[in-house]
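The chains referred to below are lettered A, B, ... by the order of the sequence lines, with proteins before strands, and numbering in each begins at 1.
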Number of protein chains: 2
Amino acid sequence: MNLKQLAQSLGLSPTTVSRALNGYPEVSEATRARVIEAARRHDYRPNTRAKSLATGRAMSIAHVIPVSNRHEIVNPVFADFIAGAGETYVKAGYEMVLSVVNDGDEARMYQDLRNRGSVDGVIVHGPRAADPRIEMLHRIGLPFVVHGRATGCEVPYSWLDINNRRAFQRATDFLLDLGHRRIGLVNGVEWMDYAIRRRTGYLEALAARGLAVDGNLIYSGEMTETNGYRAARHMLALPDPPTAILTSSMISAIGVRRAAWADGLDLGRDLSLITHDDELSYLRNGDEVPIFTATRSSVRTAGRMTAEMLLGIIASEAEAPQTRLLEADLIIGQSTGPAPAGPHSSGQQPHQEHA
Amino acid sequence: MNLKQLAQSLGLSPTTVSRALNGYPEVSEATRARVIEAARRHDYRPNTRAKSLATGRAMSIAHVIPVSNRHEIVNPVFADFIAGAGETYVKAGYEMVLSVVNDGDEARMYQDLRNRGSVDGVIVHGPRAADPRIEMLHRIGLPFVVHGRATGCEVPYSWLDINNRRAFQRATDFLLDLGHRRIGLVNGVEWMDYAIRRRTGYLEALAARGLAVDGNLIYSGEMTETNGYRAARHMLALPDPPTAILTSSMISAIGVRRAAWADGLDLGRDLSLITHDDELSYLRNGDEVPIFTATRSSVRTAGRMTAEMLLGIIASEAEAPQTRLLEADLIIGQSTGPAPAGPHSSGQQPHQEHA
DNA sequence: TCGCGCCGCCAAAGCGGTTTGGAAAAGCGA
DNA sequence: TCGCTTTTCCAAACCGCTTTGGCGGCGCGA
């Protein structure tokens, strides 16, 4: 059932039916009611393609997810972010198109999305330091919002981010307040912008107390369980091991937990652990009382809000970029406690001779 | 730059240019070359909307992801499945549209997708026993493939699934061969089809050895870390605790591991654990040697193959449904070992008096 | 009663492609 | 040179919707 048929069945012109359905005033309320009722009865839905061809608005937003061939990690945060954004789109009558693209081909993908006219805007995931995508999107004039930021990007752009620096600074401070002095950082890969900011927050907190930085206590790599485990094992085997560790994700925190247990260390007593918790729906940080002390910020909410920002920008055709910085909560769980007084129970002696 | 402009710039008609670009024979090779070169130079991409309006093919596939409000779990498997499917789509020139929908509204969503003509087919996620969606899609005549199956669905349909029953039967058998007799099952929610099949496999293996089923050793619930932990704690506190546990996902396995450690049990020695490993990119089961013994099947590959099936069905307009059953590997990791001889080291005595 | 403005509707021209039905030009055998 | 086929291109219709520009008819004030 298309518009013409519907119009014919009502003895009206397509024009009038279209106007009736789209709420234009040039049609009497009587016929409008009649049209709406008929549309409902026939389950009529305007053809998206035709509509967007006629209006010039695609009514859809692209999310480009880069998938590298080398390390094929799909961002674990992705599903929940999408779920949040999807809620917004559905309310606004937008569709969401997903483009999986081998990274490196992203530039062409954005060009294509624009030239093919298949979307009204895009959301940029996983920005890196000085991410070239931003400059490119700016140039080709496709509305976009970045989830995160890109340090060292000169062009203005819209973004939504959490205050990663502040979050990790606060977490580090919290550990320092508990008496910890050797604090490890198990971070994401260092070209990701959020990882840089978290590292900065960590470093600033140490610096504020005049503490030296130990390169051995900083790890950065893909946020997997295994990497968390390895990094922690390595740190805990140091002559002067950390009494606390900061982690960039629940998943690597779980790896760190495994390493602690392997060394017979009790989390919260022998080793303190703070992680960042994106509130992933399938990886909750406990139910009532959090398992891990964590900096917490819902990535699903972020998805919802980022999408709202983008739709707002598209609707208003605003030139001035919008930005939004969310603060993460610091929630106390069972994985932190005061720094142990002496050498811990792993049986290791500090300052072993093989150092 | 659109077709008309491109044609004008070449001194040709839109017809000829269109034919040249789409490989039709009614155009000389000389002009075809000229057109292709010009298109490349101008970075011309045909407008997707116009094209699909003209051809009647949307060149896009919908993935409907239901998000319930009660328990807002987004399937953790989703991101990787999507990544796999996306690879297929990108190769075939298809787009992927994602519809996030509150479950219950799914029926209407499928109707809409069809009536609005915005997709050529859909992939159905997370089928349940006798899932009504299948019958409905069948009725409205939208091509679809189900990732998984729906026991008790009378209409024929296309699906791709792994052999969940066989996988869990083999895993159970493996544990039985190691001497385990008390084996727990931490399964997904019982209305999900895959959970039913896994349970069946588990029960069949026990039955084949004439072993009785203990309802206390079977848990089913959302596959979260916390649920895995709780279920395992509960089982391990039984008067006659299990010496081995089967788990439906890496995430709940991690919860079980936590419970084991909390009881001072060593995985692989005091307690054996087998999980199902979907090879999620962000949750690998170790690097070289697997952490958990597991039934393994890549959900990303499944995504790729499911998408291929659907595109094949759309292209061939085949009536006969296609099906594909993949076998999971049983891979040996560090979490299994022979059943402990006596009561294990948790300090519990079997057959305690409070039973 | 007449003239004017407004209301309610419609015909037709797009949007940017594909595709049908020719038509001119070129090739070919007699 | 003629007639016929083949090659190469084009004009126009169409996909399903929106939107511009009108056009009758009715109400209203003079």
Side-chain angles (χ1 to χ4, degrees), chain A residues 1-36 38-39 42-60 93-95 111-120, chain B residues 1-39 42-60 93-95 112-120:
Chain A
M1 168 73 56
N2 59 22
L3 187 68
K4 202 186 292 179
Q5 294 165 5
L6 182 63
Q8 202 149 21
S9 84
L10 281 161
L12 290 171
S13 77
T15 308
T16 305
V17 175
S18 169
R19 290 191 150 141
L21 292 175
N22 291 315
Y24 285 91
E26 302 95 332
V27 50
S28 75
E29 284 312 315
T31 48
R32 187 194 302 283
R34 209 156 60 87
V35 167
I36 288 178
H42 291 97
D43 230 27
Y44 169 74
R45 298 279 183 294
N47 181 300
T48 330
R49 309 286 157 161
K51 185 163 188 164
S52 75
L53 184 58
T55 58
R57 334 196 66 220
M59 292 304 281
S60 72
Y94 271 72
E95 289 183 342
Q111 275 285 6
D112 282 13
L113 285 172
R114 179 177 172 67
N115 291 349
R116 291 185 315 200
S118 44
V119 299
D120 298 320
Chain B
M1 167 72 59
N2 59 22
L3 188 66
K4 203 185 291 181
Q5 293 165 4
L6 183 63
Q8 202 148 22
S9 85
L10 281 161
L12 289 171
S13 76
T15 309
T16 305
V17 175
S18 169
R19 291 191 150 142
L21 292 174
N22 291 313
Y24 285 92
E26 303 95 331
V27 48
S28 75
E29 284 312 314
T31 48
R32 186 194 304 281
R34 208 157 60 89
V35 168
I36 288 177
E37 162 59 18
H42 290 97
D43 230 27
Y44 168 75
R45 298 279 183 291
N47 181 301
T48 330
R49 309 282 156 165
K51 186 162 188 164
S52 75
L53 183 58
T55 58
R57 335 197 64 223
M59 292 304 281
S60 73
Y94 271 72
E95 288 182 342
D112 282 11
L113 286 172
R114 176 175 174 69
N115 293 349
R116 292 184 315 201
S118 46
V119 299
D120 298 320

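- Across the interface with DNA chain D, nearest-nucleotide mapping of Leu12(B) and Ala54(B) shows Leu12(B) to be the residue nearer the 5′ end.
- Proximity of Ser9(A) to Met1(A): side-chain heavy atoms (C-beta onward) are nowhere separated by under 4.5 Å.
- Put simply, NZ on Lys4(A) is 14 Å from P on dT18(D), counting in whole angstrom units.
- Within 4.0 Å of Thr55(A), counting heavy atoms only, lie sugar-phosphate atoms of the nucleic acid but no base atom.
- For residues 20-29 of chain A, the pairs satisfying salt bridge (Lys or Arg N to Asp or Glu O under 4.0 Å) are Arg19(A)-Glu26(A), Glu29(A)-Arg32(A), with sequence neighbours left out.
- Put simply, the side chain of Ser118(A) never gets that close to the backbone of Ala58(A): no donor and acceptor are under 3.5 Å apart.
- Per the geometry, CZ belonging to Arg32(B) stands 10 Å off P belonging to dT8(D), to the nearest Å.
- The closest side-chain heavy-atom distance from Val35(B) to Leu10(B) is below 4.5 Å.
- Taking only side-chain nitrogens and oxygens, Tyr44(A) comes nearer than 4.0 Å to OP1 or OP2 of dC17(D).
- Whole-Å rounding puts the Asn22(B) CG to dC9(D) P distance at 16 Å.
- Side-chain N/O atoms of Thr15(A) and base N/O atoms of dT19(D) include a donor-acceptor pair closer than 3.5 Å.
- Dashed line: the shortest gap from a side-chain N or O of Ser28(B) to OP1 or OP2 of dC9(D) is under 4.0 Å.
- Whole-Å rounding puts the Arg19(A) CZ to dG22(D) P distance at 14 Å.
- We find that Arg57(A) and Asp120(A) are not joined by a salt bridge, their nearest charged nitrogen and carboxylate oxygen being 4.0 Å or further apart.
- Nucleic acid contact for Thr31(A): sugar-phosphate only, since backbone atoms but no base atoms lie under 4.0 Å from a heavy atom of the residue.
- Running 5' to 3' along DNA chain C, contacts with non-hydrogen atoms of chain B at under 4.0 Å begin and end at dG16(C) to dG21(C).
- Between the CD atom of Glu26(B) and the P atom of dA11(D) there is a distance of 16 Å, rounded to whole Å.
- A close approach under 4.0 Å does not occur between any side-chain nitrogen or oxygen of Ser13(B) and OP1 or OP2 of dA11(D).
- With contacts defined as side-chain heavy-atom distances shorter than 4.5 Å, the pair Asn22(A)/Ser18(A) qualifies.
- Side-chain nitrogen and oxygen atoms of Asn2(A) include at least one within less than 4.0 Å of the OP1 or OP2 phosphate oxygen of dG16(D).
- Summarising the local packing, CD of Gln5(B) is surrounded by more than 12 heavy atoms from other residues, nucleotides or ligands at distances under 6.0 Å.
- Atoms CZ (Arg34(B)) and P (dT8(D)) sit 14 Å apart, rounded to a whole Å.
- Taking atom CZ of Arg49(A) as the reference point, atom C1' of dC14(D) lies 18 Å away to the nearest angstrom.
- When the P atom of dC10(D) is taken as reference, atom OH of Tyr24(B) falls 18 Å away, rounded to whole Å.
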